[in-house]
Number of protein chains: 4
Amino acid sequence: MPVNEYFFTSEICNSTQPYLILTDRSVKNIMSPRTPSKNEEIRQESMKRIKEAAFSLIAKQGYDATSIAQIAKEAGVSKGLMYNYFESKEDLLEKLVTDAMKEGDHVIAQLLNEDPSITLRNIIKWFFKELRERPEYWRLMTELTFRIDKFKFVHDMATEKMKGYTVFIKELLVKIDYPNPEGESKLVGAIFDGIAIQYLVIRDDYPLVEMEKFLIDKYCRKK
Amino acid sequence: MPVNEYFFTSEICNSTQPYLILTDRSVKNIMSPRTPSKNEEIRQESMKRIKEAAFSLIAKQGYDATSIAQIAKEAGVSKGLMYNYFESKEDLLEKLVTDAMKEGDHVIAQLLNEDPSITLRNIIKWFFKELRERPEYWRLMTELTFRIDKFKFVHDMATEKMKGYTVFIKELLVKIDYPNPEGESKLVGAIFDGIAIQYLVIRDDYPLVEMEKFLIDKYCRKK
Amino acid sequence: MPVNEYFFTSEICNSTQPYLILTDRSVKNIMSPRTPSKNEEIRQESMKRIKEAAFSLIAKQGYDATSIAQIAKEAGVSKGLMYNYFESKEDLLEKLVTDAMKEGDHVIAQLLNEDPSITLRNIIKWFFKELRERPEYWRLMTELTFRIDKFKFVHDMATEKMKGYTVFIKELLVKIDYPNPEGESKLVGAIFDGIAIQYLVIRDDYPLVEMEKFLIDKYCRKK
Amino acid sequence: MPVNEYFFTSEICNSTQPYLILTDRSVKNIMSPRTPSKNEEIRQESMKRIKEAAFSLIAKQGYDATSIAQIAKEAGVSKGLMYNYFESKEDLLEKLVTDAMKEGDHVIAQLLNEDPSITLRNIIKWFFKELRERPEYWRLMTELTFRIDKFKFVHDMATEKMKGYTVFIKELLVKIDYPNPEGESKLVGAIFDGIAIQYLVIRDDYPLVEMEKFLIDKYCRKK
DNA sequence: TATGAATGAGTATTCATTCAT
DNA sequence: AATGAATGAATACTCATTCAT
């Protein structure tokens, strides 16, 4: 691999700014006091701090109850800076949700197995793992989903995901000859939501481990 | 969305109208041009109108989006009067929720039957009936439950109810020799909550009738 | 005239509230802590103070440069109160302008005379009188008229008034056989605006008296 | 709206580009990798672009509605750079207005003719030409003039120009034996301002051509 | 008991200006 | 000379709550 490959970090390559082309001006740092990549770094850092602060506060307190001032304080930046990166409070929320969804998006493919029972078990396990690892995210999504009028984008995302997922479960149940797969797949959907909700509300008192075992035993047992 | 939690309570049937009992305060107040009982009547009437207005508005719009001014207008009273009866907006909400929960308590007794299968069927039917008839109420309870930090009292009520309820279902399942009653009763709890939340979000697109039949068939069939 | 006529002041009769009908309740002042007319009085007083403060500040500084906070402070009320009476800052402005226009509306009829020369002289005199007595109002109107995009209502009012007025002048000039009444009436319109503008800007240094005499001499001299 | 004030000035033809003269400051700055004159060239270029962007935006949208960020973007420079050349947003405006006034100064000389009637006709024609070609500029000047408290410098410039101008017109009228030149010159000033303001407000509906002919016919006809 | 005028702390958002680089 | 991330004071507006009557 030629040495010069090292000169092109992903950061530089992704830069949307053309200034890094080496000209007299950029070499002498006359035109630009900070390099564009340095600036981008600063931007990303600030954005990240804002997003993290916003996410944890909104997930804990809810969207309305969390003020821009509070987020800025938590993130250690000024209120004004938030509007360099996000058009509005709602735009910030949308980016937060989109980010969080992306995190979970890639996994499904890895859960597939030629044995449908195992696929189903993987899904169940993944669901409980998500619940344990990102409870705040699911709490937030649930809250937002309930506010259809205000956050249609969340509601739409959620509804669509739910449909695709129910179909998928049904096909698995068909393959493993589970009785009444049509109704049962809808039931499984409700069970997932129900467990999530109860866990998100009562948390440590909820028998998450027991329920996980129970579900796997109920739906993934080899006949 | 813990919905089923609200169906059962340990404190059975406290008077829903305790204010009519003549307390020291109202008895003493005899210099008033109105008799104490007349006064109390007026109080009850005003309170009722405020609660009704508050409930319907909050259920429709959410707690934050509903202002005291709006409630007062809908109830046909002044803003100031509201603070004669309720210490704050949050206190009003608490009394609203408490009332609504008490209403649910009465019903349970009527669902009992010497045949546990029939009792269970009655419960399932009542659950779906509630969902159809008072979706706003359940939406409100769900919304509030998710705002733990702000409305701890709802969370506590919900958790307590859920426990009592799970025990009750378990006993029914034991009586009808349903396999694994311990886990299954928790599952039924999750199913109720799951169905409720899905229905409350997607409404008309949700197969409520189908799910009701499916559940009755699954849990109440005589072997 | 029957004595009871004296009981119905205009204030009471105009009240939109029916409470003044003498019933036990209103006599004993149980239902309403302040009489509706007293309330209306308070409202009018507050409104007046806000309007006066707003008018003088906006006329002096311009609309944008005058903040709600400033107006409230000048009026000696809280910011919040302003929104009891006016829907927005712009609504306040609109009411201000409408009020000011009303003040000047009635006069025209009184300027008419069977001798068109005298009518014209009356108009010219009235114009200079207005300029002397309400310069802030005309300054404000001029400023606002220039901001078509934002204050279309002012622009429309102004344009309409100008048209009617030009036609009126033309007819007068026709009657007094002034040469070229069509063009001359438009010129007179421009002259009025021009004098107003110059006076409103340089004020005391402007030869208002001299111009008034000059105009009367030029246009109202008996042939 | 004092428009005509900007047409004449006492300080005739200061260099419109005084910055190109090498000052002590730029001469000394020899450690720079650029020559001082090269630097100065860059300065001039940047300043010019900023001024042009600022002028067109402010003329179109008004002073308050135009942000520094917008100007910088339009000019293709950074916000920070603006503060190298202008102390503040208001300072930028002041320089803009001063520049624009100077531009007007040059023209007058070209309008002069040994025949005073022709000079007057030239002035009238030039006035209407300006109005047609640069209405935004005149709109801006008018807007600013009316904000005395905020932009006193505009007011002062305007007042001074008006005086010089009135004297000039008067002398022309004297030469052509127009009756009452003292009053009539002031009237012409008012007429210019009046026509300008009416045209700037109602634009296409204003009979600009008709008024131009009418004025020339009225004031420049050889007897 | 009942009213509603009044308050003031709170909200999201904007923007001229600063300053490290 | 030039940049643009960052600031913070200012903006219009909202609303739960108080209190004189």
Side-chain angles (χ1 to χ4, degrees), chain A residues 19 25 29-36 38-40 42-43 45-46 64 67-70 72 77-90 92, chain B residues 29 32-34 38-39 42-43 46 64 66-72 77-85 87-90 92, chain C residues 19 25 28-36 38-39 42-43 45-46 64 67-72 77-90 92, chain D residues 29 32-34 38-40 42-43 46 64 66-72 77-85 87-90 92:
Chain A
Y19 305 113
R25 285 157 92 211
N29 201 17
I30 284 168
M31 196 59 186
S32 189
R34 289 192 203 101
T35 62
K38 177 65 182 170
N39 258 335
E40 191 55 30
I42 291 172
R43 286 180 65 84
E45 168 64 19
S46 290
D64 286 325
S67 72
I68 288 285
Q70 219 179 347
V77 302
S78 67
K79 271 183 295 173
L81 189 61
M82 315 234 358
Y83 290 87
N84 272 15
Y85 301 121
F86 307 98
E87 282 175 11
S88 65
K89 192 184 174 186
E90 194 165 334
L92 166 58
Chain B
N29 199 14
S32 163
R34 300 184 195 122
K38 178 67 181 170
N39 261 341
I42 291 171
R43 284 182 65 87
S46 291
D64 288 319
T66 303
S67 72
I68 288 284
Q70 225 181 341
I71 295 171
V77 303
S78 68
K79 272 183 294 174
L81 189 60
M82 313 233 358
Y83 289 86
N84 276 11
Y85 300 127
E87 283 174 12
S88 66
K89 192 184 173 187
E90 194 167 333
L92 166 59
Chain C
Y19 305 114
R25 286 157 94 210
K28 287 183 182 168
N29 200 18
I30 285 168
M31 195 61 187
S32 189
R34 290 192 202 103
T35 62
K38 178 66 182 169
N39 259 335
I42 291 171
R43 287 180 64 85
E45 169 63 19
S46 289
D64 286 325
S67 72
I68 289 285
Q70 219 181 346
I71 295 171
V77 302
S78 67
K79 270 181 298 173
L81 189 61
M82 312 231 3
Y83 291 87
N84 272 15
Y85 301 121
F86 307 98
E87 282 175 12
S88 64
K89 192 184 173 186
E90 195 165 333
L92 167 58
Chain D
N29 201 15
S32 164
R34 299 183 195 124
K38 177 69 182 167
N39 261 341
E40 200 48 43
I42 292 171
R43 283 183 65 89
S46 291
D64 288 319
T66 303
S67 71
I68 289 283
Q70 224 181 342
I71 295 171
V77 302
S78 69
K79 272 185 292 174
L81 188 60
M82 315 233 354
Y83 289 85
N84 276 11
Y85 300 127
E87 282 174 12
S88 65
K89 191 185 175 188
E90 196 167 333
L92 166 58

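Here is how names work: the chains are called A, B, and so on, in the same order as the sequence lines, proteins then strands, and each is numbered from 1.
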On DNA chain E, check which nucleotide each of C/I42 and A/I68 is closest to and give me the residue with the more 5' one. C/I42
Set of residues satisfying side-chain hydrogen bond (donor to acceptor under 3.5 Å, both in side chains) with respect to B/E90, sequence neighbours excluded: none
Where do N or O atoms of nucleotides 8-10 of chain F meet protein N or O atoms at under 3.5 Å, pair by pair?
from, atom 1, to, atom 2, distance (Å)
F/dA10, N6, A/K79, NZ, 3.4

Within this structure, what is the CD1-to-P distance between B/I71 and F/dA16, rounded to whole angstrom? 8 Å
Which is more 5' along DNA chain F, the nucleotide nearest B/T66 or the one nearest C/D64? Just name the residue. C/D64
Set of side-chain hydrogen bond (donor to acceptor under 3.5 Å, both in side chains) partners for C/Q70, sequence neighbours left out: C/Q61
Does a side-chain N or O of A/S46 approach OP1 or OP2 of F/dA6 to a distance below 4.0 Å, or not? yes
Is the shortest side-chain N/O distance from C/R34 to OP1 or OP2 of E/dT3 below 4.0 Å? no
From CG of D/L92 over to C1' of E/dC15, roughly how many Å is that when rounded to an integer? 15 Å
Are B/L92 and B/Y85 side-chain neighbours, meaning at least one heavy-atom pair lies under 4.5 Å? no
DNA chain F-proximal residues of residues 82-90 of chain C, any heavy atom under 4.0 Å: C/Y83, C/S88, C/K89
Minimum heavy-atom separation for D/D64 to D/K89, with atom names? O-NZ, 3.9 Å
If I take atom CG in residue C/N39 and atom P in nucleotide E/dA2, what distance separates them, rounded to the nearest angstrom? 17 Å
Set of residues satisfying side-chain hydrogen bond (donor to acceptor under 3.5 Å, both in side chains) with respect to C/N84, sequence neighbours excluded: none
Pair pattern of DNA chain F in dot-bracket, where unpaired bases get dots and | marks partners in another strand, Watson-Crick or G-U under 3.5 angstrom: .||||||||||||||||||||
Nearest heavy-atom neighbours spanning C/A69 and C/K79: CA-CG, 3.9 Å
Starting at OG of B/S78, measure out to CD1 of B/I68 and round the result to the nearest 0.5 Å. 11.5 Å
Can you measure A/K38 atom NZ to F/dA2 atom C1' for me and round it to whole angstrom units? 18 Å
